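Please read all numbers here as calculations on a predicted model, not as lab measurements. Computed from heavy atoms alone, side chains included, the values below leave out hydrogens, waters and symmetry copies.
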Amino acid sequence: MMKAGERPNSKLLRGGRQESRRFRLLAIVVGFFVVSLTFVVVSKPDAILFGLNGKLPADQAPTSILIQQKVNTPAQKTSTDAIIGGDPKVVDDEAYVKPKETRGGEEEDHRVLSEPDPASGMTEPAPNKDGNAHKSTEETLGGERKDEEGEREREPGEKHTKVTLPTVSNYTIHDAEDAENAKQEGLSNIQQQQQQGSKPLCDFSNFRANVCEMRGDVRVHPKATSVLFMEPEGSQRDEVWKIKPYPRKGDEFCLSHITELTVKSSKVAAECTRYHDVPVVIFSLTGYTGNLFHDFTDVIVPLFTTASQFDGEVQFLITDMALWWTIKYHTLLQKLSKYPLIDFGKDDQVHCFKHAIVGTHAYMEFTIDASKSPHGVTMVDFNRFMRDAYSLPKETAAALGESPKVKPRLLIIKRHRTRMFLNLEEIIAMAEELGFEVVIDEANVSSDINGFAKLVNSVDVMMGVHGAGLTNCVFLPQNATLIQIVPFGGLDWISRTDFGNPSEMMGLRYKQYAITVDESSLTDHYPRDHKIFKDPISFHKRGFEFIRRTFMDKQNVKLDCKRFRPVLLEALDNLNQ
């Protein structure tokens with residue numbers, strides 16, 4: 001005990017003060033920890049930063065995507081895909097023009113084709129090399145769209161009920177009464193996510209068309225030209241693909257007019273503004289549309305192959321919209337999809353789907369490979385689809401053995417500018433002498449499809465010179481005969497590829513008649529000993545322009561009726577079987 005007059009111990013005083021400071025510091029640290037823990041539990045800073053499940057508001061979504069990962073590209077094709085001799089062979093339908101243009105009412109073909117495979121007589125395009133230019137879209141079809149079954153667009157102030165997300169732990173419920181429904185949606189989405197599994201989002205292995213297919217939470221954002229596949233937390237998937245949804249892989253000129261889309265896996269995306277309960281197929285309508293043959297080989301056949309599996313319960317989302325095209329083929333589009341078309345170029349929504357296909361399945365020209373097509377659809381199915389779509393009554397060609405008094409009908413497709421029949425009246429007389437009822441007509445880009453389809457379906461035999469008009473064989477009844485007249489110039493293989501193989505795959509009979517030098521009007525332009533008659537194939541190396549000018553634009557046909565007569569007799573024999 002300290003006596004009066006003694007000074008306090010300075011060491012004891014200092015120790016007490018230090019102990020007091022430690023206590024206060026400890027209290028501050030504990031308090032800060034408690035406050036921080038409370039903030040983390042209550043506020044969820046990750047939700048503040050990214051929105052629930054990593055979503056960004058639609059108005060904050062990027063208009064372009066910064067790609068840091070390695071972009072997936074198709075594997076290098078084998079040497080068999082390369083152009084033989086280094087020079088492409090080119091065969092057109094009419095004079096070469098830009099896509100969607102025509103001359104003189106006759107449609108143009110713009111394909112660049114390599115030498116035929118010696119073994120198969122067919123060819124594949126050169127390896128892929130996409131162009132970069134993008135084409136602006138045309139006006140949208142149908143104007144303002146109303147809500148339809150299978151899709152819903154929220155109006156301002158409308159009560160939001162559920163959001164489908166890829167995992168149960170992250171699903172969002174805005175209304176307590178819909179909690180169970182939202183949970184079921186989340187579970188369903190997980191199952192679809194599992195279906196995707198480790199399968200790549202895109203398949204670039206096909207020589208003609210690239211296709212991406214996703215099942216799960218898919219966000220389509222036209223403004224950002226992106227299709228995002230939402231990945232759950234913990235997923236290691238890291239994919240980025242660039243795709244132009246038009247099946248002309250390797251055709252740089254054609255693809256330069258097609259909008260390029262980015263397909264990628266992601267954990268962050270714009271918030272959904274429109275929900276769909278049906279799958280979506282995204283494809284383009286630019287390219288070579290406007291030519292009847294390309295309308296079918298590039299769009300209609302691939303779209304049927306891809307979308308027919310859904311029985312109309314599918315949404316079409318079109319990049320590079322061509323309003324005139326959708327009007328011309330509205331019967332077919334409505335047969336394949338029950339929902340209004342969406343113009344990709346004029347849409348600012350963020351569309352959410354559980355199943356999305358970007359691009360369409362395409363194989364050789366104007367054909368379906370049943371061994372690779374979804375659900376094994378065939379060209380016979382396509383022929384049946386075309387007859388059903390236009391309500392065509394005739395399913396099979398006339399059976400003359402059962403109805404001997406019935407005259408078989410022969411349709412001759414005539415042309416007015418190039419590859420014309422110079423002795424059409426003589427051909428008609430010969431056909432009528434053999435017992436045919438002859439019908440003459442021309443199919444061009446302005447033809448009334450419904451009316452012409454009914455005409456074609458009413459005949460038993462159709463014939464014409466190689467060209468887009470022969471595409472109308474899709475309306476012929478089963479067992480009818482297609483006769484293709486091949487111009488002089490070594491074009492047998494491409495004629496067989498374009499129309500011979502497809503017609504036989506549709507269940508039709510096919511005859512190919514190649515004209516001789518004496519039946520060609522080229523003799524009016526070149527002497528008989530010219531190399532163009534002795535070795536026409538060698539001129540293919542001069543390229544597209546020469547092929548077009550020489551074997552297409554300058555050539556007409558004068559059939560040798562005596563030589564051609566057996567072809568018509570064989571067609572008659574087929575009808576008697």
Distance, nearest 0.5 Å, that separates [atom1] of [X] from [atom2] of [Y]:
{"X": "Leu333", "Y": "Leu303", "atom1": "CG", "atom2": "CG", "result": "7.0 Å"}
{"X": "Leu317", "Y": "Asp347", "atom1": "CG", "atom2": "CG", "result": "6.5 Å"}
{"X": "Asp369", "Y": "Met379", "atom1": "CG", "atom2": "CE", "result": "12.0 Å"}
{"X": "Phe353", "Y": "Arg274", "atom1": "CZ", "atom2": "CZ", "result": "8.0 Å"}
{"X": "Cys473", "Y": "Met506", "atom1": "SG", "atom2": "CE", "result": "3.5 Å"}
{"X": "Asn457", "Y": "Glu395", "atom1": "CG", "atom2": "CD", "result": "9.5 Å"}

Between [X] and [Y], which heavy-atom pair has the shortest distance, and what is it?
{"X": "Gly287", "Y": "Cys254", "answer": "CA-SG, 3.6 Å"}
{"X": "Pro279", "Y": "Phe310", "answer": "CG-CE2, 3.6 Å"}
{"X": "Gly345", "Y": "Asp343", "answer": "N-OD1, 3.0 Å"}
{"X": "Ala389", "Y": "Thr331", "answer": "O-CG2, 3.3 Å"}
{"X": "Val281", "Y": "Ala307", "answer": "CG2-CB, 4.5 Å"}
{"X": "Ser265", "Y": "Asp238", "answer": "OG-CA, 3.5 Å"}

Polar side-chain atom of [X] near backbone of [Y] as donor-acceptor pair, under 3.5 Å:
{"X": "Thr367", "Y": "Pro502", "answer": "no"}
{"X": "Arg219", "Y": "Leu228", "answer": "no"}
{"X": "Glu213", "Y": "Pro200", "answer": "no"}
{"X": "Ser266", "Y": "Ala269", "answer": "no"}
{"X": "Ser495", "Y": "His466", "answer": "no"}
{"X": "Glu239", "Y": "Arg237", "answer": "no"}
{"X": "Thr297", "Y": "Phe293", "answer": "no"}
{"X": "Ser235", "Y": "Pro232", "answer": "no"}
{"X": "Lys394", "Y": "Ser458", "answer": "yes"}
{"X": "His257", "Y": "Phe253", "answer": "yes"}

Salt bridge check: are [X] and [Y] linked by an N-O gap of less than 4.0 Å?
{"X": "Glu231", "Y": "Lys267", "result": "no"}
{"X": "Arg496", "Y": "Glu504", "result": "yes"}
{"X": "Lys338", "Y": "Glu313", "result": "yes"}
{"X": "Arg248", "Y": "Asp298", "result": "yes"}

Self-check item: Ring centres under 6.0 angstrom apart (Tyr246, Phe283)
Solution: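 Judged by ring-centre distance (under 6.0 Å), Tyr246 and Phe283 do not meet the cut-off.
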Practice problem: Step through it carefully: locate the ring centre of Phe344, locate the ring centre of His351, and say whether they are under 6.0 Å apart. | Solution: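 No, too far apart.
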Taking the side chain as everything from C-beta on, heavy atoms only, tell me whether [X] gets closer than 4.5 Å to [Y].
{"X": "Glu260", "Y": "Thr225", "result": "no"}
{"X": "Leu332", "Y": "Phe385", "result": "yes"}
{"X": "Leu476", "Y": "Val459", "result": "yes"}
{"X": "Tyr339", "Y": "Phe316", "result": "no"}
{"X": "Asn206", "Y": "Val211", "result": "no"}
{"X": "Leu482", "Y": "Leu470", "result": "yes"}
{"X": "Asp381", "Y": "Ser308", "result": "no"}
{"X": "Thr305", "Y": "Thr360", "result": "no"}

Under a 3.5 Å threshold, yes or no: a donor from one side chain and an acceptor from the other, between [X] and [Y]?
{"X": "Asn210", "Y": "Lys249", "result": "yes"}
{"X": "Asp295", "Y": "Thr289", "result": "no"}
{"X": "Tyr288", "Y": "Asp251", "result": "yes"}
{"X": "Thr396", "Y": "Gln478", "result": "no"}
{"X": "Gln349", "Y": "Thr273", "result": "yes"}
{"X": "Lys242", "Y": "Thr262", "result": "yes"}

Exercise. Assess whether ring-ring contact (aromatic ring centres under 6.0 Å, His included) is satisfied between Tyr390 and Phe475, documenting all intermediate values.
Key: CA-CA 9 Å; Tyr390 289 99; Phe475 304 116; 5.6 Å; yes
Quiz item: So Val358 and Met214, side-chain contact (heavy atoms from CB on, under 4.5 Å) or not? Walk me through it.
Solution: CA-CA 9 Å; Val358 184; Met214 294 147 279; 4.0 Å; yes
Quiz item: Going through the checks in order, is the side-chain hydrogen bond (donor to acceptor under 3.5 Å, both in side chains) test met by Thr497 and Glu365?
Solution: CA-CA 7 Å; Thr497 299; Glu365 294 287 4; over 6 Å; no
Exercise. Tell me, with the steps shown, if Asn472 and Leu292 meet side-chain contact (heavy atoms from CB on, under 4.5 Å).
Key: CA-CA 9 Å; Asn472 289 287; Leu292 186 62; 3.5 Å; yes
Quiz item: Between Tyr363 and His361, what is the ring plane arrangement, given parallel below 30°, perpendicular above 60°, and tilted in between?
Solution: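 It falls in the parallel class, under 30°.
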Practice problem: Carefully, step by step, assess Met462 and Ile413 under the rule side-chain contact (heavy atoms from CB on, under 4.5 Å). | Solution: CA-CA 7 Å; Met462 186 175 85; Ile413 303 292; 4.1 Å; yes
Quiz item: Should Lys454 and Leu392 be marked as a side-chain contact (heavy atoms from CB on, under 4.5 Å) after you check the CA-CA gap, both sets of side-chain angles, and the distance that decides it?
Solution: CA-CA 6 Å; Lys454 287 179 171 57; Leu392 304 179; 3.7 Å; yes
